[in-house]
Amino acid sequence: MKTKRPVRLDPRWRVNIFYVVLMLALLWAWQESFSRLAVRTINYSEFKQHVAAREVVECAVKTDEIVGRVEPKDKKDAAFLFRTVRVEDPKLVEELQVAGVKFGGVRPSFLESFFVSWVLPLGLMFAVWSFLGRRFGAMGEAVLNIGKSRARLIREKQTGVTFADVAGCDEAKLELQEVVDFLKNPKRYQALGAKIPKGVLLVGPPGTGKTLLAKAIAGEADVPFFSISGSDFVEMFVGVGAARVRDLFQQGKAHAPCIIFIDELDAIGRQRGVHLGAVNDEREQTLNQLLVEMDGFEPNAGVIVLAATNRPEILDRALLRPGRFDRQVIVDAPDLDGREAILKVHTRGKPLTSDVDLRRIAAATPGFSGADLANVINEAALLAARRAAKAVTQRDLEEAVEKVVAGPQRRSRRLSEEQKRRVAYHEVGHALVAAYSEHADPVHKISIVPRGRAALGYTLQLPTEDQFLLTQSELNDRLAGLLGGRAAEETVFGEVSSGAENDLERATALARQMVGLFGMSEKVGLAHCAQKPGAFLSGGDGLLQTQRDCSEQTAREMDEEVKRLLDDAYRRAKQILSERRDQLETVARELLQRETLDGDAFRQLLGRGGGHDVA
Ligand code: ADP
Ligand code: MG
Ligand code: ZN
């Protein structure tokens with residue numbers, strides 16, 4: 001693909017030209033003021049008056065001007081030097097003689113004026129320049145090097161990370177191990193005529209270890225490693241990003257075999273031609289340069305470009321075509337075994353008590369990314385340190401999980417007795433509906449200790465295993481569970497409160513997905529009908545125009561179906577609670593007393609220890 005590169009000055013030259021212009025302006029100002037300041041300029045008639053009044057003491061007649069000194073008769077006025085433009089005046093000499101003025105013709109001393117108006121100011125400026133240059137040496141350097149890439153050269157094992165530090169993404173590791181092998185033994189592949197891939201793209205949600213993996217490759221392969229973030233290319237000057245890309249690849253080729261790692265590729269790799277404005281111009285140029293550079297080096301040059309992104313869908317398609325980032329390595333959120341392995345990596349070298357069961361922590365954290373798990377371990381260590389304990393216990397770990405899920409406890413938030421009772425019934429409502437729905441996830445914990453910013457209480461349900469698919473009945477039961485809180489409030493108090501807002505929001509979103517995306521409504525049918533943010537306004541959140549890909553008619557039917565699903569679920573929740581009113585009372589009373597109930601205690605109160613059998 002061909003790209004036009006507009007002719008633009010190298011930024012270095014722009015800086016120098018600016019300096020030269022500034023210098024000329026200063027020089028001009030100097031010469032002007034030097035000749036003007038001390039000398040008063042008068043007009044010719046004024047000069048003649050002074051001559052007539054015999055006030056001119058001496059003067060010099062030059063080719064085009066007359067300069068001299070005036071001593072006023074009136075002693076109060078100070079003497080001054082004057083200058084006036086010479087006018088054709090043949091009688092002047094006579095008049096000067098009559099007035100007794102000492103006069104003569106003068107040719108300006110070339111040397112003197114040259115020194116004063118050129119050598120002196122230039123010398124001064126040079127002195128100032130070199131002084132500032134030494135003072136702000138580093139800064140000046142930075143201005144002059146604005147087009148240089150900021151990639152840091154990290155050599156071999158300097159990252160201190162190896163594959164052993166990355167857990168839970170074994171497929172990705174395997175594939176990247178191959179990349180390391182390409183770089184270590186290129187001959188083996190070349191002998192078979194195989195082309196070593198130029199670009200490898202790491203794709204996955206945030207915090208799953210993409211950056212970590214890249215560092216690990218640097219640690220494993222004995223080659224130089226250049227790392228730069230996509231946003232480092234974007235600068236205020238147009239053309240700088242492209243210059244940086246060029247520079248980065250130049251460095252890379254000079255150090256081959258090596259790895260170039262571009263983190264957060266989406267910052268520059270976004271699809272072209274969708275957005276408007278000047279920022280865009282700069283980004284497009286940068287992207288074009290990247291595309292050109294990736295085509296520009298030989299497949300077996302020993303340079304492998306590694307990039308990471310969590311938004312592959314917005315990348316320009318030209319980036320993903322063969323010969324560029326044609327290899328994609330998926331780095332997904334870890335499964336149960338993966339989470340356990342990650343927990344093991346992060347507890348390495350930390351003191352744990354013997355009751356710690358990392359498998360159970362892993363089971364309680366579905367959907368957590370590697371970064372979340374690292375955070376859990378760190379929070380647990382902080383909690384243990386707060387108790388001044390010598391080792392981290394299982395309780396610390398469990399508390400840390402809850403803290404990461406729901407925010408820190410806020411025991412200082414005081415609720416009145418009446419409000420607390422309402423929160424307790426609300427939470428028990430969620431838990432009971434879940435316990436008596438066949439397909440709901442088991443209750444793990446109920447609490448009425450306020451947490452985080454908004455939650456006054458919460459019910460934690462955790463699946464027994466990783467869920468990749470959800471059936472219609474499971475989703476329906478989840479809807480009922482979400483509405484259980486409000487149903488309990490209505491059953492017990494005969495009136496609802498504002499506390500169910502978040503529940504309603506989540507339930508509505510879920511119902512909308514079931515109707516529009518999963519085809520679970522007979523009336524609307526199988527058509528996939530999503531509401532996407534408008535293409536032009538995407539980016540921020542809030543004031544978004546949504547674009548429907550269905551007709552008004554279908555949209556109305558969808559709304560009706562969502563309402564029907566929610567109504568059905570709510571009716572079911574209320575029925576479960578009114579049939580088991582006594583259990584609702586028992587558990588709520590217990591919860592009010594103890595503030596938190598774990599899953600086992602909850603099931604014991606219901607009269608069925610442990611298991612998840614269903615009435
Ligand atoms: P991203 O995928 O967003 O680039 P990072 O690689 O920056 O995520 O991960 C952030 C942190 O989370 C890492 O420094 C590491 O401590 C932890 N982490 C993430 N994934 C893993 C993993 N698979 N194994 C071990 N630690 C991980
Ligand atoms: Mg990252
Ligand atoms: Zn609720």
Side-chain angles (χ1 to χ4, degrees), residues 159-173 176 201-218 227-231 261-267 306-312 329-335 337-348 362 365 368-378 404 406 422-434 446-448 450-451 454-461 478-490 496-507 570 573:
T159 58
V161 181
T162 62
F163 278 140
D165 295 312
V166 192
C169 37
D170 296 331
E171 291 102 338
K173 263 195 325 200
L176 292 174
L201 186 61
L202 300 171
V203 178
T208 46
K210 299 181 293 299
T211 310
L212 192 69
L213 265 171
K215 284 187 188 154
I217 296 177
S227 106
I228 191 167
S229 165
S231 55
F261 175 54
I262 304 175
D263 208 354
E264 316 291 351
L265 181 67
D266 40 287
L306 211 61
T309 181
N310 42 32
R311 306 170 69 189
V329 175
I330 310 288
V331 189
D332 221 342
D335 57 9
D337 293 329
R339 290 196 298 275
E340 192 183 354
I342 293 175
L343 287 170
K344 278 209 183 103
V345 165
H346 285 276
T347 48
R348 214 192 280 151
T365 49
F368 274 42
S369 69
D372 292 332
L373 293 170
N375 192 12
V376 164
I377 300 291
N378 191 45
V404 171
R422 189 178 273 277
V423 174
Y425 278 104
H426 178 108
E427 297 306 334
V428 176
H430 285 305
L432 266 184
V433 173
I446 319 173
S447 160
I448 53 168
R451 265 184 192 275
L456 298 177
Y458 62 94
T459 304
L460 206 58
Q461 285 170 255
R478 194 172 279 191
L479 275 185
L482 280 170
L483 298 176
R486 184 185 156 105
E489 285 186 49
E490 198 182 337
V496 295
S497 74
S498 63
E501 185 198 337
N502 183 253
D503 297 336
L504 296 182
E505 188 185 335
R506 282 163 58 196
Y570 192 62

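Counting starts at 1 for both ligands and their atoms, following the listed order. Because the structure is a prediction, the values reported are computed rather than measured.
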Close side-chain approach of H430 to I446, heavy-atom, < 4.5 Å: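 No, side chains not in contact.
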Between [X] (side chain) and [Y] (backbone), is there a donor-acceptor pair under 3.5 Å?
X	Y	result
H346	A374	no
E427	T459	yes
K210	V331	no
T208	G204	no
D372	S369	yes

For the pair E490 and R486, evaluate salt bridge (Lys or Arg N to Asp or Glu O under 4.0 Å) and give the outcome as yes or no after the intermediate values. CA-CA 6 Å; E490 198 182 337; R486 184 185 156 105; 5.0 Å; no
Just distances here: any N/O of G209 and N/O of ligand 1 closer than 3.5 Å?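 G209 vs ligand 1: N/O contact under 3.5 Å present.
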Got the closest protein heavy atom to [atom], with its distance?
atom	result
atom 14 (O) of ligand 1	L212 CD1, 4.1 Å
atom 4 (O) of ligand 1	T211 OG1, 2.6 Å
atom 10 (C) of ligand 1	A371 CB, 4.0 Å

Output yes when D165 and R348 qualify as a salt bridge under the 4.0 Å nitrogen-oxygen rule, no when they do not.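 Yes.
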Identify, by atom number and element, the atoms of ligand 1 in contact range of [X], meaning under 4.0 Å from any of its heavy atoms.
X	result
T208	2 (O), 8 (O), 19 (C), 20 (N), 23 (N)
P206	3 (O)
V166	23 (N), 24 (N)

Which option out of A167, G370, A164, G207 puts a heavy atom nearest to atom 24 (N) of ligand 1?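 Looking at heavy atoms only, the winner is A167.
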With a cutoff of 4.0 Å, is [X] in contact with ligand 1, counting heavy atoms of the residue only?
X	answer
H346	yes
A308	no
D165	yes

Restricting to N/O/S, name the atom of D503 that gets closest to the Zn ion (ligand 3).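 Per the distance ranking, D503 contributes OD2 as its closest N/O/S atom to the Zn ion (ligand 3).
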Short check: any N/O/S atom of T211 below 2.8 Å from the Mg ion (ligand 2)?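 A backbone or side-chain N, O or S atom of T211 is under 2.8 Å from the Mg ion (ligand 2).
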Distance alone, cut at 3.5 Å: any donor-acceptor contact between the side chains of S229 and D263?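 Side-chain D/A pair, S229 to D263: absent.
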